[in-house]
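Report on one structure; see the data block that follows.
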Amino acid sequence: MTERTRRWLLPATVALLALVACVTSIGHDFTYDDRYVIMMNARVHSLRGFWRFFAQSYWPPKFGGDGYRPMVILLFAVQWVVGGGAAWVFHLVNILLAVATALGVYWMALALLPPIGAWLAAALFAVHPVHVEVTGNMVGQAELLVALPLAVAMGLYLRWRRDHAGRAPVVITLLYAVGLFSKEHALVFPLLLVAAEWTVIEDERPWRARVVAVRPLFLALVAVTLGWVALRARVMPDDFAGFAPYAAFRFLNMGPAARIGTMMHEFPRIAQLMLFPTRLSADYSPNDVIIANGIGVDELPGILIVLCTLVLAVMLRRRAPVASFGLLWFIIAYGPVSNILVATGIVTAERTLFLPSVGIVLVAAVTIRYLFDGAEGNGRTLVTAATAALLVLGLGKSIVRQRVWHDNDILFDQTVKDAPLSYRAHLLRGRNLAVKKRLREAEAELRHAIRLFPYDAGATVDVAEAYRRSGFCKPAIPLYEWSFAIDSTLRDGRLGYVYCLSVVERWQDTRQQALAGMRYGFPWEGKWLRNAVFVADSALGRPLRKRPPI
């Protein structure tokens, strides 16, 4: 193979692998969170006043108002306007971004490894089955809009530090801004640069001289970060993490030790998902996830995985700096969503492994090259065959898994099969069945979810809401009461609870809960709750003010 042929053939095959892994998603519907963030979100259906996206939350207020990702919302709006709301446009953009990200990983890896090594890393990244949740789900564009610019920015940084020339810092800063305003975990990028300096950057100068060389870039990154923090603080002044902590963390009042212990139980699964995911799921929740009381002997496997990863990252710094960098990339990129530093909105989610997996494929590429170089004859043939089999199996599993994300019916039915012990799997299927008016099946699924994990107030509210929509307020009321006893500040279901109390003519409770709803419920419910207070006052014979308009 000539150098010229290799120069275009290697990236072309990476692009082809990435394309084949996700191209079947082109005919899929709006699925799971896509329906709330895109299809039912009027804000992204027009580009009129698009600059306001930078002063709005990611999730619509009526669905919680969590997160700050204005670049993603802007891209969604462009796609909606261009395609008239057609789902295939969003999936096409997902596919193009997935191919571009695989090529970005290849280009970054070229600054660290020989061409074949870079190809191995990018090819493994392109076919990794754990990425299907990102590429098959429209809201996965947030992950893509972080991984793509950060991979390219890292590639630029590595070449800039090697060649000591060019205007790379300006482009790197812009790419970092795109990633940061796309999803919060892009904040890790400066730490990734520090990891690169410690492992793969070859610079014989003293550390003080090296700091002086990169100081303008890091100051620019700090300025972008401070600007992002200031804008985000105006949108979400009381929320540091960006999302409400996961239900188990909130409703069980779990402290840091219990939360970290729970994740120690999960780390063996995270390792398995990274190395080769034999079982994938759209949800990981209790009882599929073991909730720990603290950190003890049962958490020892996870503790050993964490310690071994850290020790290997340090030990390989001199012997295999790229592998050391890859392990540090994984540690740093997974840190914000690991529940170790802060409580996040999930325990485990495959989409959160997209950026961390860049580090894992770098380690895999180094390992394969080491095994190949150390083998002879049949040994090299065996390593080549094993690598080819890994790529084929990954590609095949990715193609098959894409079908699961076709629509909500298929997704939620499959999630119950993938994780039968996960209460949220049954909760999500029950919600979907209720939307389909399959009320008897919905009730069975929702009640099963509550039996599996009776501490999620949102789940019991869902059952109560299903009863209320079907005209059965009497069985709904005890479920509402249970839900708000678990979490007195819960927003969901406030209006339905007040309505049911009025139906059974519990007027004092109607008035009290309507006032509580105005305090804790969604702002758009305010006029209905004020009217409920008026009706309750009328029934109780209290002095009346003017009836509020509806």
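When all heavy atoms of L490 and S483 are compared, the closest pair comes out as CD2-CB, 4.4 Å. Here the closest non-hydrogen pair linking P336 and V188 is CG-CG1, 3.4 Å. The two residues G394 and P129 have their closest heavy-atom pair at O-CG, 3.7 Å. When all heavy atoms of T510 and A532 are compared, the closest pair comes out as CG2-O, 4.3 Å. Shown here for P420 and L452, the closest heavy-atom pair between the two residues is O-CD1, 4.1 Å. Here the shortest heavy-atom pairing between A142 and V72 reads CA-CG2, 3.7 Å.
Counting heavy atoms from C-beta on, the side chains of I260 and M264 come closer than 4.5 Å. Side-chain atoms of W507 and V535, non-hydrogen and from C-beta on, do get closer than 4.5 Å to each other. Side-chain contact between L479 and D462: absent, with no pair of heavy atoms (C-beta onward) separated by less than 4.5 Å. Residues F125 and T101 are in side-chain contact: their nearest non-hydrogen atoms beyond the backbone lie under 4.5 Å apart. Taking the side chain as every heavy atom from C-beta outward, W482 and V463 never approach each other to under 4.5 Å. Within the 4.5 Å cutoff, the side chain of F54 has no heavy atoms near those of the I73 side chain. You'll find the side chain of C500 reaches within 4.5 Å of the side chain of R468, heavy atoms only. Residues F522 and D492 meet the side-chain proximity criterion, which asks for heavy atoms closer than 4.5 Å.
Not one N or O on the side chain of H265 forms a donor-acceptor pair closer than 3.5 Å with the backbone of A292. For T344 (side chain) and N339 (main-chain N/O), no donor-acceptor pair under 3.5 Å exists by modelled atom type. Proximity of a side-chain donor or acceptor of D288 to a complementary backbone N or O of L421 within less than 3.5 Å is not detected. Between the side chain of R511 and the main chain of L540, no donor-acceptor pair closer than 3.5 Å is present. Remark: the backbone N or O of G140 is not paired with any side-chain donor or acceptor of R351 at under 3.5 angstrom. Remark: the backbone N or O of V127 is paired with a side-chain donor or acceptor of S398 at under 3.5 angstrom. Using modelled atom types, one side-chain atom of N408 and one backbone atom of Y32 make a donor-acceptor pair closer than 3.5 Å. Proximity of a side-chain donor or acceptor of S281 to a complementary backbone N or O of A419 within less than 3.5 Å is not detected. In this structure, E299 contributes its side chain and G296 its backbone to a donor-acceptor pair below 3.5 Å. Between the N41 side chain and the P60 main chain, no donor and acceptor come within less than 3.5 Å of each other.
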F267/M263 under side-chain contact (heavy atoms from CB on, under 4.5 Å): CA gap, chis, key distance, verdict: CA-CA 6 Å; F267 284 157; M263 293 310 300; 4.1 Å; yes
Test side chain to side chain donor-acceptor pair (under 3.5 Å) applied to E266 and Y284, step by step: CA-CA 10 Å; E266 280 298 288; Y284 296 87; over 6 Å; no
Residue pair V306, T309: steps toward the side-chain contact (heavy atoms from CB on, under 4.5 Å) verdict: CA-CA 5 Å; V306 172; T309 304; 5.9 Å; no
Q513 vs L501, side-chain contact (heavy atoms from CB on, under 4.5 Å): CA-CA, chis, key distance, verdict: CA-CA 9 Å; Q513 294 303 322; L501 289 171; 3.6 Å; yes
Steps toward side-chain contact (heavy atoms from CB on, under 4.5 Å) verdict (L47, L74): CA-CA 8 Å; L47 283 169; L74 177 59; 4.0 Å; yes
Derivation and outcome, salt bridge (Lys or Arg N to Asp or Glu O under 4.0 Å), residues E445 and R424: CA-CA 10 Å; E445 283 287 2; R424 271 188 56 83; over 6 Å; no
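S357 and H131 form a side-chain donor-acceptor contact under 3.5 Å, judged by distance and modelled atom types alone. Judged purely by distance below 3.5 Å, without hydrogens or angles, the side chains of T24 and Q402 never pair a donor atom with an acceptor atom. Using modelled atom types, one finds a donor on one side chain and an acceptor on the other under 3.5 Å when comparing E465 with Y480. Side chains of S422 and D283: a donor-acceptor N/O pair is present below 3.5 angstrom, by distance only. At a cut-off of 3.5 Å, with distance as the only test, a side-chain donor of Y246 or S285 sits close to an acceptor on the other residue.
Atom CG of D409 sits in a crowded spot, with more than 12 heavy atoms from other residues, nucleotides or ligands closer than 6.0 Å. Counting heavy atoms of neighbouring residues, nucleotides and ligands inside a 6.0 Å radius, atom OH of Y499 does not exceed 12 of them. Within a 6.0 Å radius of CZ in R469, more than 12 heavy atoms belonging to other residues, nucleotides or ligands are found. Within 6.0 Å of atom CZ in R279, more than 12 heavy atoms from other residues, nucleotides or ligands are found, so the atom counts as buried in its surroundings.
Taking the six-membered ring for Trp and the full ring otherwise, Y520 and F484 have centroids separated by 6.0 Å or more. Ring centers of Y423 and Y455: at least 6.0 Å apart, outside the cut-off.
R35 forms no cation-pi arrangement with F30, by the criterion of a distance under 6.0 Å to the ring centre and an angle within 45° of the ring axis.
Using a 4.0 Å cut-off between a side-chain N of Lys or Arg and a carboxylate O of Asp or Glu, E441 and R431 do not qualify as a salt bridge. The pair E133-R401 does not count as a salt bridge, with every side-chain nitrogen at least 4.0 angstrom from each carboxylate oxygen.
Here L17 contributes atom CG and C22 contributes atom SG; the two are 11.0 Å apart, rounded to the nearest 0.5 Å. Rounding to the nearest 0.5 Å gives a distance of 10.5 Å between CZ of R43 and OH of Y58. Atoms CD and CG, from E143 and L353 in turn, are 9.5 Å apart once rounded to the nearest 0.5 Å. Rounded to the nearest 0.5 angstrom, Q512 CD and Q508 CD are separated by 7.0 Å. From C473, atom SG reaches atom CZ of R506 across 11.0 Å, with rounding to the nearest 0.5 Å. The OG1 atom of T460 sits 10.5 Å away from atom CZ of R447, with the distance rounded to the nearest 0.5 Å.
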Result block: side-chain N/O donor-acceptor pairs under 3.5 angstrom for residues 76-97, not counting sequence neighbours:
{"unit_1": "Q79", "atom_1": "OE1", "unit_2": "Q141", "atom_2": "NE2", "d": "3.0"}
{"unit_1": "Q79", "atom_1": "NE2", "unit_2": "L75", "atom_2": "O", "d": "2.9"}
{"unit_1": "Q79", "atom_1": "NE2", "unit_2": "Q141", "atom_2": "OE1", "d": "2.8"}
{"unit_1": "H91", "atom_1": "NE2", "unit_2": "H28", "atom_2": "O", "d": "3.4"}
{"unit_1": "H91", "atom_1": "NE2", "unit_2": "D29", "atom_2": "O", "d": "3.3"}
{"unit_1": "N94", "atom_1": "OD1", "unit_2": "Q141", "atom_2": "NE2", "d": "2.9"}
{"unit_1": "N94", "atom_1": "ND2", "unit_2": "V134", "atom_2": "O", "d": "3.3"}
{"unit_1": "N94", "atom_1": "ND2", "unit_2": "T135", "atom_2": "O", "d": "3.0"}
{"unit_1": "N94", "atom_1": "ND2", "unit_2": "N137", "atom_2": "O", "d": "3.0"}

